[in-house]
Amino acid sequence: MMTWTDLKSRLGEAGYVASNELAMAIHIALQLERPILLEGDAGVGKTQVAKTLAEIESTELIRLQCYEGLDAAAAIYEWNYQRQLLSIRAAADSGASAEAMEARIFSREFLLERPLLRAIQQDRPPVLLIDEIDRADEEFEAFLLEVLSDFQITIPELGTIAATSRPIVVLTANGTRDLSDALRRRCIYSHVPYPDRATELAILEKRGPDLSPHLAAQIVGFVQAIRKEDLDKKPGVAETLDWAAALAGLGLKDLTDDPVALQASLVALLKTEADQAAIPAEVAQRLAGVAG
Amino acid sequence: MPKVTRFPVRASTSERMGEFTQHLRKNGFHVGVQETEMGLRSLGHIDLADPFEVRMALKAICCTDLHGHDRFDDLFNAFWLNQSVMRTRHQDTDVRKPDPSSFSNLSSFMQQQDTGRTGETDTPDNDNDGEADSDGEGKLVSTKVVNNNRTDLREFLRPEDRDLAERAAQRIAAAIRYRRSRRRKAARKGESIDLRRVIRRSIGTGGEPMQLLRRRRPNRPVHLVSILDVSGSMTLYARAFLAFIRGLIDIDQRADAFVFHTNLMCVSDALRDNDTLRAVNRLSIMAQGFGGGTRIGTCLKQFNSQYANRIIGRRSVVIIMSDGYDTGNSDLVGAELQRLRRKGCKIIWLNPLLGWRDYEPVAASMAAALPYLDCFAPCNTLESLAALEFELERL
């Protein structure tokens with residue numbers, strides 16, 4: 001039987017450095033076959049969890065990106081109307097009965113599978129990533145509850161389609177709005193914080209460019225410090241990696257070496273005008289000086 | 001399931017787990033049989049001898065949000081590791097005696113409403129903006145009229161007036177509650193064709209889509225957020241506005257309310273409390289500092305950084321009720337309103353002074369705020385509140 005520490009090290013091998021709490025939450029979710037809800041700020045690596053899970057389980061990743069107004073037609077299934085129309089015309093000429101025609105055009109052949117339906121129709125349990133669920137509206141949450149509790153989908157014309165395999169469901173949210181209690185309670189919950197210094201260093205080592213230990217420590221120290229500043233959008237792990245790549249590309253050996261290059265490279269870290277104004281060169285230098 | 005030795009002999013694992021979920025429930029967690037059962041099942045998949053492992057596993061199961069996530073460890077330790085005394089329900093409200101000074105704060109509202117004078121409490125602390133003349137002797141447009149509807153809100157005293165304010169709030173909320181959805185629904189008339197129904201219908205006509213059925217975007221509720229200034233200069237209005245906010249909150253479970261003076265506080269839960277006495281207690285604990293100075297900019301900043309990311313979206317309408325007299329930095333007000341606006345919400349500013357004759361929004365903060373407002377309206381009489389209904393419908 002796989003233990004949570006096994007899972008953690010397997011995630012680590014695949015390039016994802018998970019905290020103990022996160023590894024445990026994923027472990028419990030896998031063992032109890034529950035969806036897992038990951039909440040946290042943008043850029044802390046929530047989506048990456050699903051990708052890495054798919055990788056270590058060597059299974060397909062099916063992704064559903066949520067947005068306001070997402071409806072069943074885009075998330076679950078849709079009939080292929082054009083084909084249906086053509087088919088009706090063709091059948092009308094051959095004089096088929098209305099019942100036969102109806103049965104024909106509302107068959108699986110004419111059904112377009114969307115991510116949710118596709119996820120429960122696989123031979124091998126896929127990883128279903130429902131990304132940014134808090135962007136979708138309440139109606140969609142209601143659809144989702146049915147799918148997540150019974151893993152079956154009811155199509156009025158066709159009947160109920162039961163799951164051939166239970167997907168591993170990962171939901172992510174970053175607090176655009178509060179999720180309903182019903183949905184939260186169906187899931188195993190884990191809050192993904194910004195990584196601490198050691199974790200971020202490990203992530204940088206695993207996924208970042210080749211850096212000297214000194215510069216890597218400086219980069220992580222700088223990012224950790226800048227997150228404490230008053231910013232609109234705090235840089236996430238993805239930004240740290242981008243920035244490290246930028247610095248490696250610029251050939252910097254030490255953050256304090258070249259103030260101009262450092263300031264220019266901050267575009268990889270600070271993503272709004274206000275934030276860039278909030279960290280002028282002096283502040284950047286001070287942070288870089290302390291970061292070592 | 002492995003045999004557990006850590007638990008006392010008198011209770012089985014499942015009984016103890018049941019007690020634990022009960023303990024969590026008393027502390028405000030939404031957990032039930034389902035979580036107990038999942039918790040028990042999860043124990044089979046971890047090392048039971050390690051309390052930290054058990055804690056992490058149960059944490060993943062029992063927590064549903066960040067708030068619970070932060071508190072879980074303490075509650076777990078209290079129950080299983082006996083490191084501290086178990087908490088009981090409503091400790092905050094039942095055990096702690098309300099501060100007498102905060103009571104005097106609330107009662108001072110009523111007294112000040114009795115005085116019927118306008119001057120002293122309104123003195124702006126920001127004296128470089130030259131509006132002193134509109135201050136002390138500002139006459140009310142409508143105080144002479146007997147009709148309740150036209151009485152300045154400062155004269156609100158009686159419960160039935162409070163009901164009126166609540167009702168006005170409900171009408172206004174109804175006016176701004178709905179905004180067009182992006183989702184489409186089947187309808188008799190609409191901008192797009194509902195292919196699914198058209199195809200169905202066309203079977204009967206041999207595949208000829210004779211009848212075009214439509215879909216359209218229905219209206220969906222907006223999210224109301226009210227922010228009330230309870231500083232010294234607003235004292236006379238604050239009580240009526242609290243009733244108004246309560247009205248807004250009552251009709252919509254998701255509405256949020258905040259009050260601020262030099263600090264910002266979320267009062268949604270306190271206002272929703274069905275137990276009136278307890279609601280008053282909670283409010284008065286929070287109300288320490290009611291009637292003090294104002295720092296609008298700082299409070300908006302606090303709102304933006306603490307709450308806005310979570311609760312403000314494109315579907316939000318933020319109602320700020322303040323007279324704009326500010327002891328803080330007025331530039332900050334503009335900057336923070338701009339930041340708030342970028343989140344896509346509508347901002348309505350209700351200013352009681354706007355109903356006064358010859359009032360000009362010259363207070364520095366008010367002037368800084370104006371460019372970012374979708375609606376700037378008076379609210380010193382019930383009638384003006386009711387007039388908002390039409391104003392807001394247009395937004």
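Basis for what follows: all heavy atoms, side chains included, without hydrogens, waters or symmetry-related copies. The sequence lines fix the lettering, A, B, ..., with proteins before strands; numbering per chain opens at 1.
Few gaps surround NZ on A:K271; more than 12 heavy atoms of other groups in view lie less than 6.0 Å from it.
A heavy-atom distance below 4.5 Å is not found between the side chains of B:V198 and A:L85. Side-chain contact between B:H69 and A:E21 is present, with heavy atoms from C-beta onward closer than 4.5 Å. Within the 4.5 Å cutoff, side-chain heavy atoms of A:E157 are placed close to those of B:R196. Looking at A:I188 and B:M38, their side chains come closer than 4.5 Å, going by heavy atoms from C-beta outward. Looking at B:I46 and A:Q31, their side chains never come closer than 4.5 Å, going by heavy atoms from C-beta outward.
Note: B:I61 CD1 to A:R34 CZ = 9.0 Å, rounded to the nearest 0.5 Å. The CZ atom of A:R185 sits 13.0 Å away from atom SG of B:C63, with the distance rounded to the nearest 0.5 Å. B:R215 contributes atom CZ, which lies 7.0 Å from atom CG of A:D71 (distance to the nearest 0.5 angstrom). Put simply, OH on A:Y81 and CD1 on B:I193 are 12.5 Å apart, with the number rounded to the nearest 0.5 Å. Remark: A:M24 CE to B:H45 NE2 distance equals 11.5 Å, nearest 0.5 Å.
Heavy-atom distances place no part of A:I26 under 4.5 Å from chain B, backbone and side chain included. Both the backbone and the side chain of A:N20 come within contact range of chain B, with heavy atoms under 4.5 Å apart. Only the side chain of A:F106 has a heavy atom closer than 4.5 Å to any heavy atom of chain B. If you measure heavy-atom distances from B:R339 to chain A, the contacts under 4.5 Å come from the side chain alone. For chain A, no part of B:D70 is nearby; none of its heavy atoms comes within less than 4.5 Å. With a threshold of 4.5 angstrom between heavy atoms, A:I28 approaches chain B through side-chain atoms but not through N, CA, C or O.
Nearest heavy-atom pair, B:L66 versus A:E39, reported as atom, atom and distance to 0.1 Å: N-OE1, 4.2 Å. Among all heavy-atom pairs drawn from A:Y189 and B:D65, the shortest one is OH-C, 3.3 Å.
A salt bridge does not link A:E33 to B:R41: none of the charged side-chain nitrogens sits closer than 4.0 Å to a carboxylate oxygen.
Evaluation of the side chain to side chain donor-acceptor pair (under 3.5 Å) rule for A:N80 yields no partner, not counting sequence neighbours.
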